K.L.:
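Sharing a structure here in structure tokens format.
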Amino acid sequence: MSRRVAVYGAGSWGTAFSRVLADAGCEVTLWGRRAALVDAINGTRANPDYLPQVKLPDNVRATTDPAEAAHGAGIALLAVSAQSARPLLEGWAGQWQNRTVFVSLMKGVELGTGRLMSEVIAETTGAWPDRIAVVSGPNLAAEIVARQPAASVVACTDESTAALIQSACHTPYFRPYTNTDVIGCELGGAIKNVIALAVGVTDGMRLGENAKAALVTRGLAEATRLGVAMGADPLTLAGLAGMGDLVATCSSALSRNHTFGAHLGRGLSVEEARAATTQTAEGVASCKAIQDLGRRHDVEMPITRAVVDIIHGGRKAAHVVQELMSRATKPEGHQHLPAARDA
């Protein structure tokens, strides 16, 4: 298959992953919405809006034309926001080769439908599962674009497709592992954003490290309960795409979801937090979709509900935290993991 790849989305993660692909020997075309940003990337070899300090290799070029990006690309990687994926993909229908492999770099769940990003890709492109992969893991863009060591997971139901993507992005600093559990990898990447919002709130309120550790641990249990109910392997949630991503996102100031939550914890409104964060925090929209998934699968998700109450219900963070701490006590429940209502 061609080593020409297309990356759709010229934000932090799309730009950082373009550098990974280029360092692995791929010819990369990076699609962006705005002509001024694309011209700047091509003219200066840097992304001035998101990662201005990093020079991109010569085998990365940018375009505003999605058809130009698709031309000759054996792999199409999607790094747009989760909620914009469907309309964009519908508008780009028919531009790819028949055997193009689609890779989701997105970490969210679609509002209204509850679809995972792999499902959105399938519905809009007609690709079968053996041509749809997911990349997920503890991958903070600012560190990866600086070529600091990181590991990730490439998940696809077809092992040969996962291996193809693995080869396309394996570098001395970026180590991808393969997995066939697409659902587990996607849920881990989506739910960790919601837990990071909750951790950010408690950090903004200066509630301490014990509170952070409790949220991370119970957040993992919450993600695993939903994952098991949806057919995921619980070991996936204990790996890089689950616990690994959760730890990185909840503990780093580089995480936009953690940053957004911290703004809320300091007393900013949702709109003020959105303006202060500047980049998309996927958990802000996805938390409602994830809560709906929990209800659909009869899974109790108290941390997700708390985040929804704060962001979309207008409730005070202090009141919601108090309610979380006042819930009825019970056994930790990991020995009954498949039982959806063990909290």
Side-chain angles (χ1 to χ4, degrees), residues 1-32 37-38 40-47 50-51 54-80 88-89 92 95-106 117-118 121 125 127 130-137 139-156 158-179 185:
M1 184 173 286
S2 171
R3 293 285 282 186
R4 295 182 65 86
V5 301
V7 178
Y8 295 86
S12 296
W13 188 213
T15 302
F17 210 80
S18 293
R19 190 180 202 188
V20 172
L21 293 160
D23 286 347
C26 296
E27 292 293 326
V28 182
T29 304
L30 175 62
W31 174 85
L37 179 61
V38 165
I41 292 172
N42 289 331
T44 67
R45 311 306 309 152
N47 186 324
Y50 297 97
L51 298 166
V54 177
K55 292 293 183 181
L56 294 171
D58 290 339
N59 49 334
V60 176
R61 62 184 180 86
T63 181
T64 57
D65 183 354
E68 181 183 350
H71 181 71
I75 303 172
L77 299 101
L78 299 160
V80 298
L88 285 173
L89 286 167
W92 298 337
Q95 295 182 353
W96 295 284
Q97 302 176 82
N98 290 335
R99 292 301 301 168
T100 296
V101 172
F102 297 94
V103 183
S104 172
L105 302 178
M106 304 172 286
M117 293 298 99
S118 63
I121 292 171
T125 66
D130 65 339
R131 289 172 48 211
I132 300 173
V134 173
V135 173
S136 192
N139 301 149
L140 296 165
E143 293 185 1
I144 288 176
V145 82
R147 297 189 173 115
Q148 293 182 323
S152 195
V153 177
V154 179
C156 181
D158 185 274
E159 293 181 356
S160 62
T161 298
L164 171 73
I165 306 305
Q166 180 185 47
S167 173
C169 63
H170 187 194
T171 73
Y173 60 90
F174 190 78
R175 182 176 178 82
Y177 292 80
T178 60
N179 196 326
C185 287

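Being a predicted model, the structure only gives us computed values, none of them experimental.
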K.L.:
So, for C185 and V153, which heavy atoms are closest and what is the spacing to 0.1 Å?
P.N.:
SG-CG1, 3.6 Å
K.L.:
More than 12 heavy atoms of other residues, nucleotides or ligands under 6.0 Å from NE2 of H170: is that the case?
P.N.:
yes
K.L.:
Could you report the tightest heavy-atom contact between S104 and I121, atom names first, then the distance?
P.N.:
CB-CD1, 3.9 Å
K.L.:
If you compare all heavy atoms of L30 against all heavy atoms of S18, which two are closest, and at what distance to 0.1 Å?
P.N.:
CD1-OG, 3.5 Å
K.L.:
Output the distance between atom OG1 (T15) and atom CG (L51), rounded to the nearest 0.5 Å.
P.N.:
5.5 Å
K.L.:
So does T64 get a backbone contact from the side chain of W31, meaning a donor-acceptor N/O pair under 3.5 Å?
P.N.:
yes
K.L.:
Decide side chain to side chain donor-acceptor pair (under 3.5 Å) for E68 and T63; before the verdict, give the C-alpha distance in whole Å, the side-chain angles of both, and the deciding distance to 0.1 Å.
P.N.:
CA-CA 7 Å; E68 181 183 350; T63 181; 2.8 Å; yes
K.L.:
Please list, chain by chain and in numerical order, all residues satisfying ring pair (Phe, Tyr, Trp, His ring centres under 6.0 Å) with F17, sequence neighbours excluded.
P.N.:
W13, F174
K.L.:
Over all heavy atoms of both residues, which pair between V28 and A22 is shortest? Give the atoms and the distance, please.
P.N.:
CG2-N, 3.9 Å
K.L.:
For A127, check side chain to side chain contact (heavy atoms under 4.5 Å, CB included) against everything at least two apart and list the hits.
P.N.:
F102, T125, R131, I132
K.L.:
Looking at every heavy atom in both R19 and V54, which two are closest together, and how far apart are they?
P.N.:
NH1-CG1, 2.8 Å
K.L.:
Is L105 close to M117 at the side-chain level, that is, under 4.5 Å between some pair of heavy atoms?
P.N.:
no
K.L.:
Do other residues, nucleotides or ligands put more than 12 heavy atoms under 6.0 Å from R175 CZ?
P.N.:
no
K.L.:
Does L89 reach the side chain of L78, with side-chain heavy atoms less than 4.5 Å apart?
P.N.:
yes
K.L.:
Please tell me whether T171 and D23 have a donor and an acceptor in their side chains that are separated by less than 3.5 angstrom.
P.N.:
no
K.L.:
Heavy atoms only: give me the nearest L21-C169 pair and the separation to one decimal.
P.N.:
CD2-CB, 4.1 Å
